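Note sheet for the following structure.
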Amino acid sequence: MSTDDLRRRIEYFKDLGVKELYKREPSGGPEPAAAEPIANVVEATPAAPSAPRIELPSLAPSGDTLVQISADIGECTRCVLHKGRNKIVFGDGNPNAQLLFVGEGPGADEDASGIPFVGRAGQLLTQMIEGTAKKEGIPLTRADVYIANVVKCRPPENRTPEADEMAICGQFLFRQLQVIRPKAICALGSTAAKALLGGKDGVTRLRGSWHKWNDIPLIVTYHPSYLLRAYNVEAKREAWEDLKKVLHFVYD
Ligand code: URA
Ligand code: SF4
């Protein structure tokens, strides 16, 4: 990785509120506690003595693959979300997908099955992808796209992932995005949008125009869980518009 890439990566962590980055030692090396900080992201904010040391995954290696990422995740305990999980939900779909959806994190059904978006919200997402494609004359099923989440373990009570959890687990998502290199990314909901765009804006502000994640065009739309609430008729219509737009961009 070039110095510029590293600098950008550090800036990104800083935006997410991560204070220090640690280089992971190769296995067999010293314990993470002995690892040297590679950067002090925020100056003069010493961690509380009781703060747990966070072990970050290694930065994206060249020649990375989905198999390698999955192996690096292993039986991950890098953030507290590991405590309540049953299965790590890595991602699902076509590894050569041209369109990649990013959700927030696994729910109960995903935690039980290990597959993203299989519960009620997942069924709606599948319907939306396949229904919109069909209506627009684009031959596409869920199996043609790739679906992943910002965090790979289920947050307790389905709470929103914390900034540190997003920063740590987000590195695996970024590696997935870099390996798959889709033609476009669709961020589902504010958590995915924040993780990928780094800002604080939510869906209402971000939807309706194109953004970029590392040069890959990105669109933000409502999370399907939000659309499941009956009063969101207008949001539903907008989500269908967003989906139509991204499908035509990718598959025309
Ligand atoms: N919600 C998400 O954000 N992701 C899933 O995988 C399921 C529900
Ligand atoms: Fe590891 Fe991600 Fe699970 Fe946290 S959420 S334990 S970083 S796989």
Side-chain angles (χ1 to χ4, degrees), residues 12-13 16-18 21-22 24 32 52-60 66-93 97 100-129 142-143 145-177 185-196 202-203 220-229 232 235 239 243:
Y12 172 78
F13 278 118
L16 279 172
V18 173
L21 306 182
Y22 291 87
R24 188 176 58 178
R53 175 62 56 87
I54 294 164
E55 187 199 346
L56 284 169
S58 48
L59 304 173
L66 293 178
V67 171
Q68 186 59 54
I69 300 166
S70 178
D72 287 349
I73 292 178
E75 290 302 311
C76 186
T77 56
R78 292 173 181 87
C79 86
V80 297
L81 296 182
H82 81 274
K83 290 187 183 169
R85 75 154 181 256
N86 286 300
K87 288 198 171 153
I88 291 177
V89 179
F90 179 73
D92 181 42
L100 195 153
F101 290 86
V102 178
E104 179 171 310
D109 296 304
E110 292 77 20
D111 175 65
S113 66
I115 303 165
F117 283 101
V118 292
R120 242 158 63 80
Q123 285 162 30
L124 176 59
L125 178 66
T126 306
Q127 249 178 50
M128 285 173 66
I129 295 169
R142 170 179 161 136
V145 304
Y146 197 87
I147 305 178
N149 283 306
V150 176
V151 294
K152 313 269 184 255
C153 301
R154 182 192 183 195
E157 318 285 327
N158 297 338
R159 68 158 168 77
T160 307
E162 300 287 350
D164 65 330
E165 295 155 0
M166 286 165 62
I168 298 165
C169 207
Q171 290 306 293
F172 298 121
L173 173 67
F174 290 179
R175 285 174 61 185
Q176 287 173 301
L177 296 176
I185 298 167
C186 181
L188 300 167
S190 297
T191 300
K194 285 172 192 164
L196 294 169
V203 175
V220 177
T221 194
Y222 298 100
H223 192 287
S225 304
Y226 179 75
L227 300 175
L228 283 171
R229 293 174 216 163
N232 274 317
L243 209 51

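Because the structure is predicted, anything quoted here is derived from the model rather than measured. First listed ligand is number 1; within each ligand, the first listed atom is number 1.
Each of the following atoms of ligand 2 lies closer than 4.0 Å to a heavy atom of Lys152: 5 (S), 8 (S). Each of the following atoms of ligand 1 lies closer than 4.0 Å to a heavy atom of Pro116: 6 (O). When each atom of ligand 1 is checked for a heavy atom of Gly103 under 4.0 Å away, the hits are 3 (O).
By the 4.5 Å heavy-atom criterion applied to side chains, Leu81 and Glu162 are not counted as neighbours. Side-chain contact between Cys169 and Val150 is absent, with no heavy-atom pair separated by less than 4.5 Å. Taking 4.5 Å as the limit, every side-chain heavy atom of Met128 sits out of range of all side-chain heavy atoms of Phe101.
Atom 4 (Fe) of ligand 2 lies at 2.8 Å or more from every N, O or S atom belonging to His82. Among the atoms of Cys76, an N, O or S atom falls under 2.8 Å of atom 1 (Fe) of ligand 2.
Among protein heavy atoms, the minimum distance from atom 4 (N) of ligand 1 is reached at Asn149 OD1, 2.8 Å. For atom 8 (C) of ligand 1, the closest heavy atom belonging to the protein is Phe117 CE2, 3.8 Å. Ranking protein heavy atoms by distance to atom 4 (Fe) of ligand 2, first place goes to Cys79 SG, 2.3 Å.
Distance check: Phe172 CZ to Ile69 CD1 gives 9.0 Å after rounding to the nearest 0.5 Å. Between the CD atom in Gln123 and the CZ atom in Arg142 there is a gap of 9.5 Å [rounded to 0.5 Å]. Expressed to the nearest 0.5 Å, how far CG of Leu227 lies from CG of Leu124 amounts to 6.0 Å. Atoms CG and CG, from Leu173 and Leu100 in turn, are 7.5 Å apart once rounded to the nearest 0.5 Å. Atoms CD and CD1, from Gln68 and Ile73 in turn, are 11.0 Å apart once rounded to the nearest 0.5 Å. Between Gln176 atom CD and Ser70 atom OG the span is 9.0 Å, to the nearest 0.5 Å.
Annotation: Gly107 places no N or O atom under 3.5 Å from an N or O atom of ligand 1; distance criterion only. Between Gly105 and ligand 1, a contact under 3.5 Å exists for at least one N or O pair. For a threshold of 3.5 Å applied to N or O pairs, the pair formed by His223 and ligand 1 contains at least one separation below that value. In terms of N/O distances under 3.5 Å, ligand 1 is not approached by Ser225.
By heavy-atom distance, the residue among Cys153, Gly170, Cys169 lying nearest atom 7 (S) of ligand 2 is Cys169.
By the criterion of a heavy-atom distance under 4.0 Å, both the backbone and the side chain of Glu104 are placed next to ligand 1.
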